**Student:** 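Here's a structure for you.
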There are 2 protein chains.
Amino acid sequence: MPQPSPGRRALDADPAVIGARVRSLREERGISLSALARLAGVGKATLSGLENGTRNPTLETLYAVTAQLGVPLTAVLAEPATTPTVHGAAVHATLLEVFTDADATYELYRMRVAPGAGQLSPAHQPGVTEHVTVFAGVLRAGPADAPSTAAAGGYLRFTSDVPHSYAAVGDEEVDASLLLRYPRR
Amino acid sequence: MPQPSPGRRALDADPAVIGARVRSLREERGISLSALARLAGVGKATLSGLENGTRNPTLETLYAVTAQLGVPLTAVLAEPATTPTVHGAAVHATLLEVFTDADATYELYRMRVAPGAGQLSPAHQPGVTEHVTVFAGVLRAGPADAPSTAAAGGYLRFTSDVPHSYAAVGDEEVDASLLLRYPRR
DNA sequence: CCCCCGCGTTCCGTTTACGGAACGATCGCG
DNA sequence: CGCGATCGTTCCGTAAACGGAACGCGGGGG
């Protein structure tokens, strides 16, 4: 993918917000701070500080608490159910799955390319290839100096160890799947 | 293929596993431990211990690192969601995403084909095409009377409105992504 | 009224995660 | 060959997260 865009990720790791969520979850269950601390096997001071956002908890602590609340860690780490996404000027991609084997790592993305000016991505490491299958719209993509075109149902493959571009042809947004292959070095 | 059923999200707070995920993400990006530590503003000792699972990181530390990797905290804390799966004699597929537009419906699957005897699938509706990108192993697939072969990184496309087959070539299991395109009728 | 109990916070000594520095290993170059 | 640069790990003093104990507070009994 185009490397992680510098744009701020709205993911909040703010201890105060996390603390507020924990407190809220605890109060929903009508359980006291002391009791939860006892159940989770952490000190009351620890839990108090955590809920008030005055501490910077370790994973171990946070996990012990959320486990007793019966919720996954992700429930208090904000951002309910957001999958990793990458934004660019024209390209918007969400990571669907990562697969690693002996030879390479694959990242499978759902990609959308907005109409209008396209987007240029910097080179990746040597040997990285991109595989795109177009769902809708017409996509022009590939090495910056020699892009190819594919319409709905079409497929493109190119090596992305050189700068490469994505652009929607025409007015329609492009929907596609993007597979990135990183060979193991 | 079967109806999507709700996926569950398993959670794993084991520092060793989290560390392994962080290391894997870093290596995917071809960046050194030292460099990542510098970017994230944490000590090399901290990152080393984190990746090796010998420390119990604070949220602050983990967030600083994952932010630089361009992934949300949840990417290293949760197992990939389990989604609807389809089992066959040799083929095992999990649905990753469905996309519908004016012309067609797409279903994106993660597919595994066990070595040994292959599997024959009956014909789909007219005009249905399948698009396969191989991650690992060697796959032989296509119309039952004229299958093609693809190795890791390779791509196959065929129309599946006739009976078609999948088989792993050799002893190795095949890992691949499968895209099904159903034209609107 | 005065206890007594449990609440959440604060204090405090201990444990440990932290960053910086030092280390040996590995590579590319003259 | 040595030299410099960079790699990941280890050592170490410091800062801070930890659990336990003490604290002030409020709400029921006896």
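Just so we're on the same page: letters track the sequence lines, and every chain starts at 1. The structure presented is a predicted model; accordingly, all values stated were derived computationally and were not measured.
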**Student:** CG of B/L50 versus C1' of D/dT9: gap in Å, rounded?
**Tutor:**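 Going from CG in B/L50 over to C1' in D/dT9 covers 14 Å.
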
**Student:** I'd like to know if the side chain of A/R112 reaches the main chain of A/E173, judged simply by a donor and an acceptor atom lying under 3.5 Å from each other, with no hydrogens or angles considered.
**Tutor:** no

**Student:** What pair of heavy atoms forms the shortest contact from A/L50 to A/R55, and how long is it?
**Tutor:**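 Residues A/L50 and A/R55, closest heavy atoms: N-CB, 4.5 Å.
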
**Student:** B/E27 CD to D/dG8 P: how many Å, rounded?
**Tutor:** 8 Å

**Student:** Which heavy atom of B/L120 sits nearest a heavy atom of B/A144, and at what distance?
**Tutor:** CD1-CB, 3.8 Å

**Student:** Side-chain heavy atoms under 4.5 angstrom apart, residues restricted to Ile, Leu, Val, Met, Phe, Trp, Tyr: same cluster for A/L156 and A/V138?
**Tutor:**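 Not linked; separate clusters.
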
**Student:** Would you kindly give the CD1-to-C1' distance between A/I18 and D/dA17, to the nearest whole Å?
**Tutor:**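 Result: 15 Å.
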
**Student:** Strictly below 4.0 Å: does A/S32 bring a side-chain N or O up to OP1 or OP2 of C/dC7?
**Tutor:** yes

**Student:** Ignoring backbone atoms, establish whether A/R26 has a side-chain N or O less than 4.0 Å from OP1 or OP2 of C/dG8.
**Tutor:** yes

**Student:** For the ring pair B/Y155 and A/H131, is the centre-to-centre distance below 6.0 Å?
**Tutor:**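 Ring centroids of B/Y155 and A/H131 are no less than 6.0 Å from each other.
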
**Student:** Can you check each nucleotide of nucleotides 10-17 of chain C against protein heavy atoms at under 4.0 Å and return B for base, S for sugar-phosphate only, - for none, in 5' to 3' order?
**Tutor:** BB-----S

**Student:** Which residues satisfy the side-chain hydrogen bond (donor to acceptor under 3.5 Å, both in side chains) test with B/R26, sequence neighbours excluded?
**Tutor:**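 Once residues adjacent in sequence are excluded, the partners of B/R26 under the side-chain hydrogen bond (donor to acceptor under 3.5 Å, both in side chains) criterion are B/E51.
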
**Student:** Between B/L33 (CG) and C/dA25 (P), how many Å, whole number?
**Tutor:** 19 Å

**Student:** Could you check how far CD of A/E51 sits from P of C/dT9, rounded to whole Å?
**Tutor:**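 The distance from CD of A/E51 to P of C/dT9 comes to 7 Å, rounded to the nearest Å.
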
